[in-house]
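These values consider heavy atoms only, across backbone and side chains, with no hydrogens, waters or symmetry-generated copies. A note on names: the letters A, B, ... follow the listed sequences, proteins ahead of strands, and every chain is numbered from 1.
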Amino acid sequence: MSTDLALHIGALRLVDHHVHSSLDHPVTRPEFEGHLTESDRPVPEGTTQFDSQIGFAVRRHCAPVLGLAPHATAEEYWQARAARTPAELTRLFFEAAGTGHWIVDTGFADGLLPLGDLAGTVPGEFSEVVRLESVLEDVAPASTAATLERDFRAALADAAASAAGLKSIVAYRHGFDVEPARPSAAEVTRAAGRWLATLSGGARPRVTDPVLLRMVLWAGVDTGLPLQLHAGFGDPDLDLRRSDPLLLAPWIRAVEPAGTRVALLHCYPFHRNAGFLAEAFPHVYFDVGLAVNHTGAASAAVIAESLELAPFSKILYSSDAWGPPELHHLGALLWRRGMTRALARWVGEGEWAERDAMRVATMVGRTNAERLYGLSDD
Amino acid sequence: MSTDLALHIGALRLVDHHVHSSLDHPVTRPEFEGHLTESDRPVPEGTTQFDSQIGFAVRRHCAPVLGLAPHATAEEYWQARAARTPAELTRLFFEAAGTGHWIVDTGFADGLLPLGDLAGTVPGEFSEVVRLESVLEDVAPASTAATLERDFRAALADAAASAAGLKSIVAYRHGFDVEPARPSAAEVTRAAGRWLATLSGGARPRVTDPVLLRMVLWAGVDTGLPLQLHAGFGDPDLDLRRSDPLLLAPWIRAVEPAGTRVALLHCYPFHRNAGFLAEAFPHVYFDVGLAVNHTGAASAAVIAESLELAPFSKILYSSDAWGPPELHHLGALLWRRGMTRALARWVGEGEWAERDAMRVATMVGRTNAERLYGLSDD
Amino acid sequence: MSTDLALHIGALRLVDHHVHSSLDHPVTRPEFEGHLTESDRPVPEGTTQFDSQIGFAVRRHCAPVLGLAPHATAEEYWQARAARTPAELTRLFFEAAGTGHWIVDTGFADGLLPLGDLAGTVPGEFSEVVRLESVLEDVAPASTAATLERDFRAALADAAASAAGLKSIVAYRHGFDVEPARPSAAEVTRAAGRWLATLSGGARPRVTDPVLLRMVLWAGVDTGLPLQLHAGFGDPDLDLRRSDPLLLAPWIRAVEPAGTRVALLHCYPFHRNAGFLAEAFPHVYFDVGLAVNHTGAASAAVIAESLELAPFSKILYSSDAWGPPELHHLGALLWRRGMTRALARWVGEGEWAERDAMRVATMVGRTNAERLYGLSDD
């Protein structure tokens, strides 16, 4: 393997363009194992979530950060982790990641450090991504059918003022098979009335109405900020079939004239479909974020597949880490190793020049995100 | 490649958790070639089915079992095969497989040795899987609309008493886009009436009615036995698009509270989708069975893709061999070689410990199936 | 890597069974970059289409044909290219390709050399593929609802008399989710009336009516000529989800009794689905044409995936090059390198005999197409 290329990618200051914050509290071992899967179900009896690609990757690559040998046992790893405070773990792993800029989705953050606290704990730049559906759910209790859209747009304008981008989880809440067109004001008012009537005083509102989800998406488009969309696999709530980004193509076409750029997140196992969309449409970007952590040693193959069709200027890096700071480190480390393997193979085969491989790694790992989100790179 | 790992995987006593019996009669060369494809059509003029991954794998790996050099020609292979009786071939290839326990689907077995005869011919443990649709088709001629479900459930209780698991081919008969819910008794009675009215005295009944297929599936769930489902590719009858296991997600969710475990068989080319389901849902398992034999030398890539997302405790080995006993051997051999290649690469890259690789091979090749089907491992 | 195998594949005279002609005029740099993507949109600001797999492959493999070092910069490449006439470029790259027979789709050819001129410029055999929709659009202005089908069939009979095959772009114009059955004469007349009424004197007619598209497909079937179908990715017009060849399975079944053979073109990212169809149905062939050029260094993985399930007698080579003659060369070169990598790996692993690997390369690269299109192989 090319040493210079490996050194270059190893030293690259990354922009993690979609990530969440770190745990603000200690966890039990079952809770920790629960963070090593997108499933929210209990681990089946007689098994451990450590027996997975992500579990093996934690034992291989996070163990040394805690002073253990690579491939420490699950029990050794757990003991070493349990001996440290959440703040110590966050500092250790965020520093190990070599990420220079974190773009943090603050929309689903129970049990996580507030962004300000995180930024005070670890070095690096921080930007915020605002989750559209969360803004709507925040304003709903004090809104009426007639005011919901206006209230939402006002709250979004406030939130977006300091944000680097927006995010939607329409894939979870409905699926990408939404009507592409902007809903009319009358449609929104009717849908708002139906939804608000179902809200009780207690539980947090949860929007799943497709008309409201479309209104929210189009309001996001209207801000002109880059708009991130969860695509592909996630937790069992998700209907994976309906989160194939190809289903979103009509909406992507409808958005194109507005000039708003769209970043498809994760996309596995539909990352080749996402690559097509990023090739076809100038305003579409994508990453294989979450899939890198969860496919561990196998992520090199997924990363190589993400480099097939899309121009290199349209591919991004993210960890999509949520919770244990191991994931913030591991995402970066596995991406570096997977990129190095894919690119070093092409260099070794004589297909790519090494200087081009370095340049592409820098584009995907940092400069594409700087350009997309308008980050200063000082 | 790691020698210890190759030796370990080479010596592993496998559980083939989904397989059929061996031919009970000699075959012609066109018949033999017809068993080297899932297609039921004649081989196109000027071509031979030996010119395929599975054909090359037979010439490479089955030829030595018959005393020929690896890569013997198709004609040499055919002559050597034709010189032996079906019983000799069965003994030779079943012994070569190194499989310790065969879980045999007895539901579609024209021209195959009865399970008792097979078990008397070759060493190893044998268990039975009962095909749900076959049980229904067996009882139909003597049933009425009012008694069909009751008769079926009684026959299923008898058959299931000594079975390790059940199997459904709803993917073939309708597709996974069935309504997920248990049908009502009235719906079943109406559908039974419609279906029974179409049965003639002669032909064997063939159930394709979605209400009856759902009834059958839910009756299977009610037994508590593991339930195998054909998924992904098969013969030309199959509408492959409708056998994507993602279509089954609503039914998988509906079954979850019952505690019945579901094993998705084969799944190619949707094996990454199956991996997601096995990760998301504690009761879902899967294999890439049939695809290993049919992709031959290329199966290492398919096997590696099956190891991406699902916890290693949820992945199974099967050959899905049907007919020529070459396939019972080849499935095991190609799985060993593909697993060794995938795991040795990760060990060689420093991503996995070799002891973990051995342990995962043992889980996928044997112990996961022992746990799922409650097999004693003496 | 096996040297004999590489030499054999390197020297193979290919049949490029689906290709377009070469540019007949000089292009600007933005126009040239536009030919390095299927997108018809402007390249986003601050980026260049050279930064893609196909762009890197041009710099690597086309630069030496123009006397530059491999991996010349985009600017160096552009200067060297701009210094040559279109005719010089066509001669250089067509000769470099090592393709012995070009089967040329003449249906969409603005700005391209007429087939006769191309055949006069470069050595090699040439055959024509007639695009069905173009024939219909040519006859439409002079037809009436009552005569359209008859006029079309007459024009098709003329065009087909000297053609090696036909092509349909129903995937672009509607999607593969067409009704499979042959439309009735009354349906066609009604649809023709609706369509013809929309035609103005000026713009070229463009058929998207599904009844007319089906009529055209079935008229193609009736000729008995091999029928090529664009499948999988293409430009942004395409609804990629609806160009999955699995959607075409009902039509493929309906066509089977007619004996007409069907060649699915490109198919990416659905090439595994195409492999299933080619395995299941004797009359189905496929290639990964366009995807080889556009995935560049990564095409070896796509080619390997195309060799999984289908019998080797059903897989074809094409470049699908359109416009810059670099693509006519690059398609052949990348196919040779990708085939060599895939097959040499299996030979090196002891899975395939080298003589079989050579034979399969010859089948896919030439003799399958000779058999399918009835080409003489002098």
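Residue with the most contacts toward chain A among B/Leu307, B/Asp244, B/Leu246: B/Leu246 (heavy-atom pairs, distance under 4.5 Å). Counting heavy-atom pairs closer than 4.5 Å to chain B, the top-ranked of the candidates A/Ala291, A/Ser52, A/Gly234, A/Ala301 is A/Ser52. Listed options A/Gly55, A/Pro269, A/Ala297 were ranked by heavy-atom pairs under 4.5 angstrom with chain B; first place goes to A/Ala297. When the candidates A/Arg242, A/His61, A/His294, A/Gln53 are compared by the number of heavy-atom contacts under 4.5 Å with chain B, A/Gln53 comes out ahead.
From A/Gln49, atom CD reaches atom OG of B/Ser313 across 7.5 Å, with rounding to the nearest 0.5 Å. A distance of 8.5 Å separates CG in B/Asn273 from OH in A/Tyr268, rounded to the nearest 0.5 Å.
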Apply the test side chain to side chain contact (heavy atoms under 4.5 Å, CB included) to residues B/Leu309 and A/Glu38: give CA-CA distance (whole Å), side-chain angles for both, the deciding distance (0.1 Å), then the verdict. CA-CA 10 Å; B/Leu309 202 57; A/Glu38 283 295 295; over 6 Å; no
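Between A/Thr47 and B/Lys314, the closest side-chain pair of non-hydrogen atoms is not below 4.5 Å.
Using a 4.5 Å cut-off between heavy atoms, B/Leu247 touches chain A through backbone and side chain atoms alike. Heavy atoms closer than 4.5 Å to chain A are found in both the backbone and the side chain of B/Trp352. For chain A, the nearby parts of B/Phe312 are the backbone and the side chain; heavy atoms of each come within less than 4.5 Å. For A/Asp40, no part lies under 4.5 angstrom from a heavy atom of chain B. Contacts between B/Arg345 and chain A at a heavy-atom distance below 4.5 Å are absent for every atom of the residue. For chain B, the nearby part of A/Arg59 is the side chain; its heavy atoms alone come within less than 4.5 Å.
Nearest heavy atoms, B/Glu308 versus A/Ala298: CG-CB, 3.8 Å. Heavy-atom minimum distance, A/His71 versus B/Glu351: CE1-O, 3.4 Å. Considering all non-hydrogen atoms of both residues, B/Gly350 and A/Arg60 come closest at O-NE, 2.6 Å. Taking every heavy atom of both residues into account, B/Met363 and A/Asp51 meet most closely at CE-OD2, 4.0 Å. Residue A/Ser39 comes nearest to B/Ala280 through the heavy atom pair OG-O, 2.6 Å, listed as atom of the first residue, atom of the second, then distance. Between B/Phe276 and A/Asp235 the shortest heavy-atom distance is CZ-O, 4.2 Å.
Salt bridge present: A/Glu305 and B/Arg272 bring a charged side-chain N and a carboxylate O closer than 4.0 Å. The pair A/Arg337-B/Glu349 does not count as a salt bridge, with every side-chain nitrogen at least 4.0 angstrom from each carboxylate oxygen.
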